[in-house]
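Here is the structure we will look at.
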Amino acid sequence: MALVRVALDARSYDILIEQGALDRAGEILRGYARKGRLVVVTDAHVARAQLPRLEASLRAANVAVEPIILPPGEQTKSWRHLEELLDALLALEIERGDHIIALGGGVIGDLVGFAASILKRGCHFIQVPTTLLAQVDSSVGGKTAINAKAGKNLIGAFYQPALVLIDPSTLDSLPPRETRAGYAEVVKYGLIDDPAFFDWCEANAGALLAGDPDARTKAIEKSVQAKAAIVADDERETSGRRALLNLGHTFGHALEADTGFSDTLLHGEGVAAGMALAFRYSARLGLCSAEDAARVTAHLKAVGLPHDLATAHVKADGPALVGHMLHDKKMAAGTLPFLLARGIGQTFLSKDVVLDDVAAFLDEERAQTGA
Ligand SMILES: NC(=O)c1ccc[n+]([C@@H]2O[C@H](COP(=O)([O-])OP(=O)(O)OC[C@H]3O[C@@H](n4cnc5c(N)ncnc54)[C@H](O)[C@@H]3O)[C@@H](O)[C@H]2O)c1
Ligand SMILES: [Zn+2]
């Protein structure tokens with residue numbers, strides 16, 4: 001079993017990664033049960049595919065399971081479902097000392113984490129992430145939220161889990177497109193500050209996406225190590241270090257907005273295209289070599305991820321996309337803080353990106369790829 005520690009003083013916790021961990025969950029989680037019982041919150045897809053494994057293992061360890069099953073999808077990160085979840089938890093007489101299990105992707109993790117942060121002024125929760133995105137990103141770091149009418153993730157809290165238990169074999173039931181989208185966040189860690197890990201990604205993405213347990217475990221371990229180090233350094237995104245995790249996300253957010261935050265472009269797919277755009281824009285500014293930008297694009301293309309406006313199914317022109325970027329960001333005199341790169345593994349936050357220039361770049365991209 002691989003173990004990564006998130007060092008946050010009194011809020012420190014472990015991330016355990018092991019192929020087949022769900023079948024050993026009874027042993028691992030037994031100590032968190034109170035009165036011989038654990039509440040497991042999940043969504044209907046995960047309830048069908050993975051909950052039986054967790055239940056069987058907990059029952060074998062004499063732990064009774066109280067499942068709460070919510071509808072799948074982003075719409076579940078809403079006031080309505082938060083209220084429904086809190087009422088269900090209260091009906092089960094959850095106490096502050098209890099540990100609620102969040103079994104699912106980022107939607108369940110974000111919702112359950114936020115519910116735990118406010119239920120009886122805070123009870124414990126444990127992340128058992130079942131999508132690659134959640135295993136390498138959202139289950140670690142304590143950002144919890146629901147969506148508001150005004151935008152995504154606008155209502156939430158920093159609230160760390162007590163434990164993160166990752167079983168890469170849960171990805172066996174995840175649609176391959178979801179795994180590929182989550183893989184974009186894996187590549188991101190190499191591009192931020194670890195060029196050797198990007199090399200590893202180029203060599204091992206095929207095995208990882210084909211379901212090789214060792215490749216998956218290694219990718220998850222490297223990713224959570226990177227995220228844990230950044231979170232330990234800048235838990236609440238105040239020093240700017242945690243902002244590096246948003247590489248590709250400003251462009252990506254604009255692409256997601258243009259495609260209506262729909263199945264046309266999954267979050268990780270938007271991030272993939274966004275990272276390719278960030279590298280090509282960095283090359284256009286003369287910050288990064290054209291070779292590095294081409295290498296990033298080629299890798300994303302090779303694994304079947306979107307890597308330009310056409311493959312992201314984006315229709316809008318440059319100014320409209322920049323408009324999406326500005327929508328929920330603070331703008332200072334026509335500039336926006338932007339993550340750019342001096343090369344693979346050399347991402348930095350630039351404070352003086354000129355928005356008109358970004359719009360012109362996106363129009364050039366459109367002309368080139370025929371989007
Ligand atoms: N808190 C953070 O730091 C953070 C970081 C990134 C993203 N997020 C949030 O994460 C959410 C996206 O998470 P996601 O991509 O995991 O999506 P998701 O939770 O919606 O899961 C994607 C789909 O896969 C299904 N699924 C999950 N695990 C499965 C499995 N093992 N087998 C079969 N089906 C399975 C789900 O039911 C859903 O239909 C967004 O709301 C985003 O805002 C949060
Ligand atoms: Zn992301």
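All residue numbers in this chain count up from 1 along the given sequence. We count ligands from 1, going down the list as the structure has it; atoms in each ligand are counted the same way.
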N-O pairing of Asp137 and Lys143 below 4.0 Å
no
Heavy-atom distance to atom 5 (C) of ligand 1: which of Ser138, Gly109, Gly141 wins?
Ser138
Could you name the option among Arg177, His267, Lys77 that has the heavy atom nearest to atom 43 (O) of ligand 1?
Lys77
Check [X] and report its N/O/S atom nearest to the Zn ion (ligand 2), by atom name.
| X | value |
| --- | --- |
| Glu185 | OE2 |
| His249 | NE2 |
| His267 | NE2 |

Give every residue pair that meets the salt bridge (Lys or Arg N to Asp or Glu O under 4.0 Å) criterion with at least one member in residues 103-119, sequence neighbours excluded.
Lys77-Asp110
Do we see a donor-acceptor contact under 3.5 Å between the side chains of Thr42 and Gln50?
no
How about Thr217 and Asp214: does a side-chain donor come under 3.5 Å of a side-chain acceptor?
no
Closest to atom 32 (N) of ligand 1 among protein heavy atoms sits Ser173 OG, 2.7 Å
among protein heavy atoms, the one nearest atom 28 (N) of ligand 1 is Thr130 OG1, 2.8 Å
Under 2.8 Å from the Zn ion (ligand 2), is there an N/O/S atom belonging to Asp137?
no
Can you tell me if Gln135 contacts ligand 1 (heavy atom of the residue under 4.0 Å from the ligand)?
no
With heavy-atom distances below 4.0 Å as the criterion, list the atoms of ligand 1 near Glu74.
40 (C), 41 (O)
Do Phe251 and His324 come close enough that some side-chain heavy atom pair is under 4.5 Å?
no
Less than 4.5 Å apart, side chain to side chain, heavy atoms only: is that true for Val187 and Tyr183?
yes
Which residue pairs satisfy the side-chain hydrogen bond (donor to acceptor under 3.5 Å, both in side chains) criterion with at least one member in residues 265-279, sequence neighbours excluded?
Arg177-Glu269, Glu185-His267, His249-His267, Glu256-His267
Do any nitrogen or oxygen atoms of Ala134 come within less than 3.5 Å of a nitrogen or oxygen of ligand 1?
no
Using distance alone, decide if ligand 1 has a nitrogen or oxygen within less than 3.5 Å of any nitrogen or oxygen in Thr170.
yes
So, for Phe279 and His307, is the gap between ring centers shorter than 6.0 Å?
no
Relative to ligand 1, is Thr144 under 4.0 angstrom through side chain, backbone, both or neither, heavy atoms considered?
neither
With Arg342 as the cation and Phe348 as the aromatic partner, state whether NZ or CZ is under 6.0 Å from the six-membered ring centre and within 45° of the axis.
yes
